[in-house]
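Every chain is numbered from 1, with letters handed out A, B, ... down the list of sequences.
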Protein chains: 2
Amino acid sequence: MNKSRWEEILAVSARLFREKGYRATTMDDIAYELNVTKPALYYYIKTKHDLLYAICESAVEQLIEGAKQIMAEEAGIEEKLRRLLAWHVSMFSANSDMTTVYLAEESELPEEKRKFIRSLSREYQDYYRQLLQQGIETGLFREMEVPMVVRAISGMCNWLFDWYRPDGKFSAEEIAGMFFDLVMRGCLKEQPERKPARAARKRNAAKV
Amino acid sequence: MNKSRWEEILAVSARLFREKGYRATTMDDIAYELNVTKPALYYYIKTKHDLLYAICESAVEQLIEGAKQIMAEEAGIEEKLRRLLAWHVSMFSANSDMTTVYLAEESELPEEKRKFIRSLSREYQDYYRQLLQQGIETGLFREMEVPMVVRAISGMCNWLFDWYRPDGKFSAEEIAGMFFDLVMRGCLKEQPERKPARAARKRNAAKV
DNA sequence: TATTGTTTACTTAACGTTCAGTAAGTATGA
DNA sequence: TCATACTTACTGAACGTTAAGTAAACAATA
């Protein structure tokens, strides 16, 4: 089964909204890329905002879906945090148009829809909050202002939209690894075990 | 001496661009808030883009100006990093309209001007880079991929535009303090001295 | 199997509004 | 009388959206 027309429209819209911005992209632009005329789009949507909304909703729901799965997996707090960060970063390589548009243009949504998207966004951030809180309670992490650390983590990940390029020096996995190092060390109560200094570190087996 | 008309225009424009977005703000909106008619604005500017450009340039130049001063001060690496972060965050409380517009709408600038602003932005980030590099060289910080850490720091600070409110729970200084804690611990080679608190630390006399 | 009706996926043409920008004129003060 | 700081009145283009129509595919019936 090939991609449905609706998904095609969303993919093209997301790409253009990302490249030129939501307001700067005209319905003609989108129609042109789909090889149809502008009014044809109105066979599928009621307004231009519908397109933006569908993109934002899809992005944040995918984020949440992934996070939900990770939280349900059997793993320690540290491992879950690692996976959550990796998932967050990987969304920028796998679905970069959608994710970027969601972060950069969400403010263009009409008030009502915008609020709903932001509530989903908070739901997503809550997974970070839970992990950090659990980490403090179990003595893994130092005492800290959890919501502020969540914002810091969200910030460093979301800011990917400003600089991430698929053809960049580092893969999504590598970026996530570096962010994880930074966050983990920043939150740990005790300093992590030093690695054997210069031993092979390709696949780390190091568990704490 | 009262604020010049030009500064007034920039301040009003920045506020509206922030509230409604650059594209959604009309020249009539700006003129209305200034109690003049639209063409009066064209006595001061040539195009709408001039307004956005002036705001972005002013924001990033103020950021750089502050960073330059901090870097020239007599202080250790750690203290300079603390001040740089505090300066970064404080721009969001002191000049939040301007700073937010610079981050959120810079992409609306025409290509040429946008490139210039982004080059200034890189200049600013370079101060973080220098400090981290020096920190590694002097043995204060662990080995790490400096540009990635700079991006993480920029991200957590810049993302303030998404959530910072002047009437929020924490002051700019407090936020900067928490960010500094997180970043500092994330970068240090050795764990920071625990405050004597009560008994001396149990573990962690082992330094590498 | 031919006829008729219905649905899908569009098209052409245009409407109505918005909005950046301009031309030309004017009040005020030095 | 000249510059400053506007005003009124307008232009031209862009753009979201709608109206009305249609070719092709499909379904129902006779």
Side-chain angles (χ1 to χ4, degrees), chain A residues 1-57 101 104-114 117, chain B residues 1-57 101 104-114 117:
Chain A
M1 187 155 92
N2 58 356
K3 202 158 72 162
S4 78
R5 202 74 223 257
W6 173 239
E7 277 158 11
E8 232 181 289
I9 292 171
L10 282 195
V12 166
S13 301
R15 202 187 78 235
L16 291 177
F17 288 169
R18 182 208 191 157
E19 281 169 15
K20 319 173 49 160
Y22 170 70
R23 293 246 177 191
T25 302
T26 69
M27 297 303 277
D28 273 323
D29 291 337
I30 297 167
Y32 178 81
E33 296 273 305
L34 289 161
N35 290 309
V36 293
T37 56
K38 179 170 57 169
L41 296 173
Y42 288 87
Y43 178 75
Y44 297 93
I45 56 161
K46 275 221 287 290
T47 71
K48 189 185 178 189
H49 279 129
D50 290 354
L51 287 172
L52 182 58
Y53 178 69
I55 291 163
C56 290
E57 197 195 21
V101 168
E105 307 284 358
E106 159 249 35
S107 62
E108 292 286 349
L109 284 171
E111 192 60 13
E112 193 83 351
K113 297 184 171 180
R114 189 177 172 222
I117 294 292
Chain B
M1 188 155 89
N2 59 354
K3 202 157 74 162
S4 79
R5 202 71 223 259
W6 174 239
E7 278 159 8
E8 233 179 290
I9 292 171
L10 283 194
V12 166
S13 301
R15 203 188 76 236
L16 291 177
F17 288 168
R18 181 205 190 158
E19 282 168 14
K20 320 173 50 160
Y22 170 71
R23 292 247 178 189
T25 303
T26 68
M27 298 302 277
D28 275 321
D29 290 337
I30 297 168
Y32 178 82
E33 295 275 304
L34 288 161
N35 290 311
V36 293
T37 57
K38 178 173 59 169
L41 296 173
Y42 287 87
Y43 179 76
Y44 296 93
I45 56 161
K46 274 222 287 290
T47 72
K48 190 186 177 187
H49 279 128
D50 289 356
L51 286 173
L52 182 58
Y53 179 69
I55 291 162
C56 291
E57 196 195 24
V101 169
E105 308 284 358
E106 160 249 34
S107 61
E108 292 286 349
L109 283 171
E111 193 59 15
E112 191 84 350
K113 294 184 173 179
R114 189 177 171 222
I117 295 291

Between [atom2] of [N] and [atom1] of [X], the distance in whole Å:
{"X": "A:Lys48", "N": "D:dT18", "atom1": "NZ", "atom2": "P", "value": "15 Å"}
{"X": "B:Tyr42", "N": "C:dA24", "atom1": "OH", "atom2": "P", "value": "18 Å"}
{"X": "A:Ile45", "N": "C:dC10", "atom1": "CD1", "atom2": "C1'", "value": "15 Å"}
{"X": "A:Arg23", "N": "D:dG16", "atom1": "CZ", "atom2": "P", "value": "10 Å"}
{"X": "B:Lys46", "N": "C:dG21", "atom1": "NZ", "atom2": "C1'", "value": "13 Å"}
{"X": "B:Met27", "N": "C:dT22", "atom1": "CE", "atom2": "P", "value": "11 Å"}
{"X": "A:Glu108", "N": "D:dG16", "atom1": "CD", "atom2": "P", "value": "12 Å"}
{"X": "B:Asp28", "N": "D:dC10", "atom1": "CG", "atom2": "P", "value": "16 Å"}

Using the ring of each side chain (for Trp, its six-membered ring), is B:His49 parallel, tilted or perpendicular to B:Tyr22, with breaks at 30° and 60°?
parallel
Closest approach of [X] and [Y], non-hydrogen atoms and distance?
{"X": "A:Thr25", "Y": "A:Lys20", "result": "OG1-CB, 3.7 Å"}
{"X": "A:Val101", "Y": "A:Arg18", "result": "CG2-N, 3.6 Å"}
{"X": "B:Thr37", "Y": "B:Ala31", "result": "C-CB, 3.6 Å"}
{"X": "B:Glu106", "Y": "B:Ile117", "result": "CG-CG2, 4.2 Å"}

Protein N or O to nucleotides 4-7 of chain D N or O, pairs below 3.5 Å:
{"residue": "D:dA5", "atom": "OP2", "partner": "B:Tyr43", "partner atom": "OH", "Å": "3.1"}
{"residue": "D:dC6", "atom": "OP1", "partner": "B:Arg5", "partner atom": "NH1", "Å": "3.3"}
{"residue": "D:dC6", "atom": "OP2", "partner": "B:Arg5", "partner atom": "NH1", "Å": "3.3"}
{"residue": "D:dC6", "atom": "OP2", "partner": "B:Tyr44", "partner atom": "OH", "Å": "2.6"}
{"residue": "D:dT7", "atom": "OP2", "partner": "B:Thr37", "partner atom": "N", "Å": "2.8"}
{"residue": "D:dT7", "atom": "OP2", "partner": "B:Thr37", "partner atom": "OG1", "Å": "2.5"}

Flag the pair B:Glu19 / B:Asp29 as yes when at least one side-chain heavy-atom distance between them is below 4.5 Å, and no otherwise.
no
